[in-house]
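Remarks on the structure that follows.
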Amino acid sequence: MHLSDLTLSKAYIDGQWIQADSGKTAIVVNPASGEQVATVPDMGQAEAERAVIAADVAFKSWKKTTAKHRATLMKKWFDLMVQHADQLATLLTTEQGKPYKEAFGEVMYGASFIEWFAEEAKRAYGDQIPSASPSTRFLTLKQPVGVVTAITPWNFPVAMITRKAGPALAAGCTVVIKPGEDTPLCALAMAKLAEMAGIPAGVINVITTSKPAEVGEVLCTHPLVRKVSFTGSTPVGKHILRQAADTVKKVSMELGGNAPFIVFDDADIDKAVQGAMISKYRNAGQTCVCTNRLYVHNDVYDQFIEKYVAAVKALKVAPGLEEGSEIGPLINQKAIDKVQSLITVAVDQGAKLIEGGQQSAQGDLFFQPTILTEVTDKMDIAHQELFGPVTTVFRFESEDDVIERANDTPYGLAAYFYSQNLSRVWRVSEALEYGIVGINEGIISTEVAPFGGVKESGCGREGSKYGIEDYMEIKYLCMGIDV
Ligand code: SIN
């Protein structure tokens with residue numbers, strides 16, 4: 001199948017490829033060039049409601065299929081994603097901007113959730129509980145929650161969908177996906193591959209829109225929806241939680257972060273530089289788990305900074321489809337404005353700009369990899385999710401001090417530290433108030449481990465053996481028997 005066959009301009013509801021009721025369309029733009037890539041239907045509440053109803057009808061039969069049957073179809077979907085990885089990655093880079101190499105990595109990472117949960121479908125065991133009396137027997141069943149809505153962001157247009165659709169389908173749920181407004185094309189392409197894999201009509205639905213709040217209201221309040229899974233900002237997550245509360249839906253929330261990355265004086269400095277680079281500049285800094293505050297111990301500060309600056313200077317800023325690109329464009333003008341304003345305020349408040357700090361000559365949405373040093377916890381930038389290619393460097397003196405400062409945030413998604421002292425590794429791992437801790441590692445994401453945060457970074461875990469649990473209800477059976 002060619003790239004053009006996977007670049008779809010219709011949404012997918014109840015097994016039908018359709019336009020918006022109004023006939024209106026929304027434009028998808030390549031952030032690297034500003035050129036129009038495609039149009040998609042600009043749907044509203046009526047189509048969202050139809051998608052939910054279609055998912056509910058499909059749920060009635062999908063939930064009765066065996067886990068093995070669901071796993072077989074999901075395996076086919078996984079195989080098709082892998083077969084079309086090049087086309088998907090090209091589409092991903094075209095609508096989102098990240099370098100092709102990263103986009104290809106995301107497609108394989110995204111596909112891995114479908115494979116993993118196809119396997120987990122067959123292992124969603126209930127229990128037999130030792131009885132409390134001779135004449136009763138206790139069992140638990142695990143059953144699918146029902147219709148799930150998946151509201152996904154633009155920064156990972158493939159993986160954030162599969163991380164939700166994978167466990168949902170494996171558990172026997174059906175889904176309505178609303179992809180990010182900037183990046184609907186990968187979602188449609190994946191729905192096409194799911195259709196080709198034989199996943200029945202209504203089990204996966206994709207609704208595209210330029211009015212996320214309007215459509216989101218239906219997806220988060222409709223009584224037939226039993227679970228909302230959202231990845232995005234903390235303010236939007238809080239709004240969705242309020243909307244979902246009225247009908248007491250299950251929720252999974254993967255929200256914002258303010259990740260500390262701590263370089264202790266006993267760290268392997270070369271490895272720490274490498275880890276910080278990948279954690280900070282992956283996807284041009286546009287991930288929830290990107291390093292947001294880089295804490296470097298005073299004794300290794302100069303050594304670390306010298307190597308880190310050299311590595312940042314060597315980054316190639318270029319359109320994602322250009323050979324060797326390492327930093328693509330940011331997603332839109334709003335993102336550029338935000339980064340620029342964070343830097344201006346930080347410098348006004350006393351931070352030192354030692355690298356970058358401006359838009360790149362590559363084009364309107366490209367931003368130079370930037371380093372600010374002498375940043376302090378009092379500055380505004382220390383409390384904002386940067387979501388751009390900007391490193392903020394803080395100094396520290398002691399372990400206790402840096403732990404306290406690292407935890408001094410409402411967020412709690414990912415944290416990282418580099419140390420070769422085993423006792424310190426245990427102490428710091430236990431003390432950090434985060435859902436994920438990278439120890440001498442800058443990349444923590446994998447389908448086999450639980451991804452998720454604490455505090456205002458959200459609730460629920462995605463991936464791993466835990467990821468399917470949020471899509472199932474536990475039913476307790478109490479059986480009276482004659483003995
Ligand atoms: C995210 O930024 O939300 C996801 C990052 C990842 O899966 O690594």
Side-chain angles (χ1 to χ4, degrees), residues 89 92 96-99 101-117 150-167 177-180 182-183 186-187 190 228-237 240 251-261 275-292 328 330-331 335 338 384-390 411-416 434-438 441-464 466-467 470:
L92 202 167
Q96 197 274 340
K98 69 178 65 174
K101 199 170 150 208
E102 279 190 47
F104 193 87
E106 181 188 336
V107 171
M108 300 310 280
Y109 170 52
S112 73
F113 287 101
I114 302 300
E115 183 187 45
W116 172 265
F117 284 110
I151 302 179
T152 59
W154 51 264
N155 62 342
F156 286 85
V158 169
M160 296 307 101
I161 289 178
T162 54
R163 214 151 81 167
K164 299 175 192 311
I177 299 162
K178 192 205 76 58
D182 292 305
T183 57
C186 285
M190 285 194 298
V228 182
S229 181
F230 171 69
T231 297
S233 74
T234 294
V236 175
I240 290 177
V251 288
S252 290
M253 294 280 140
E254 296 295 349
L255 308 178
N258 184 2
F261 187 111
M277 286 294 296
I278 185 80
S279 161
K280 175 68 256 182
Y281 290 104
R282 174 177 172 228
N283 199 13
Q286 302 172 108
T287 90
C288 308
V289 291
C290 274
T291 291
N292 216 51
L330 300 194
I331 189 67
K338 180 185 165 194
Q384 304 279 327
E385 197 176 17
L386 304 170
F387 245 69
V390 180
Y411 295 107
L413 185 54
Y416 308 83
Y434 288 83
I436 307 166
V437 181
E441 280 294 335
I443 287 284
I444 37 69
S445 306
T446 157
E447 80 281 12
V448 307
F451 187 102
V454 299
K455 294 157 75 179
E456 293 190 21
S457 286
C459 52
R461 291 293 178 272
E462 295 192 314
S464 81
Y466 305 106
D470 281 356

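Just the heavy atoms: all of them, side chains too, but no hydrogens, waters or symmetry mates, feed the values below. Atoms within a ligand are numbered from 1 in the order they appear, just like the ligands themselves.
Between the side chains of N292 and Q384, no donor-acceptor pair is found at a separation under 3.5 Å. Remark: the T287 side chain and the N155 side chain contain no N/O donor-acceptor pair separated by less than 3.5 Å. Using modelled atom types and a 3.5 Å distance limit, the side chains of T291 and K280 yield no donor-acceptor pair.
A salt bridge does not link R282 to E102: none of the charged side-chain nitrogens sits closer than 4.0 Å to a carboxylate oxygen.
Ligand 1 has a nitrogen or oxygen under 3.5 angstrom from a nitrogen or oxygen of R163. Among the atoms of C288, some N or O lies under 3.5 angstrom from an N or O of ligand 1.
Near Y109, the atoms of ligand 1 lying under 4.0 angstrom from a non-hydrogen atom of the residue are 6 (C), 7 (O), 8 (O). Numbered from 1 in the order shown, with element, the atoms of ligand 1 that lie under 4.0 Å from a heavy atom of T287 read 2 (O). Those atoms of ligand 1 with a heavy atom of S445 less than 4.0 angstrom away are 6 (C), 7 (O), 8 (O).
Residues passing the side-chain hydrogen bond (donor to acceptor under 3.5 Å, both in side chains) test with T162: none are found, sequence neighbours excluded.
Residue N155 touches ligand 1 through its side chain alone, judged by heavy-atom distances below 4.0 Å. Under 4.0 Å from ligand 1, not a single heavy atom of E254 appears.
Of all protein heavy atoms, the one lying nearest to atom 5 (C) of ligand 1 is F156 CE1, 3.7 Å.
Across all their heavy atoms, E254 and G460 have their closest contact at OE2-O, 3.8 Å.
Residue contact check for ligand 1: R282 places a non-hydrogen atom closer than 4.0 Å to it.
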side-chain contact (heavy atoms from CB on, under 4.5 Å) between F156 and T231: does it pass, once the steps are laid out? CA-CA 10 Å; F156 286 85; T231 297; over 6 Å; no
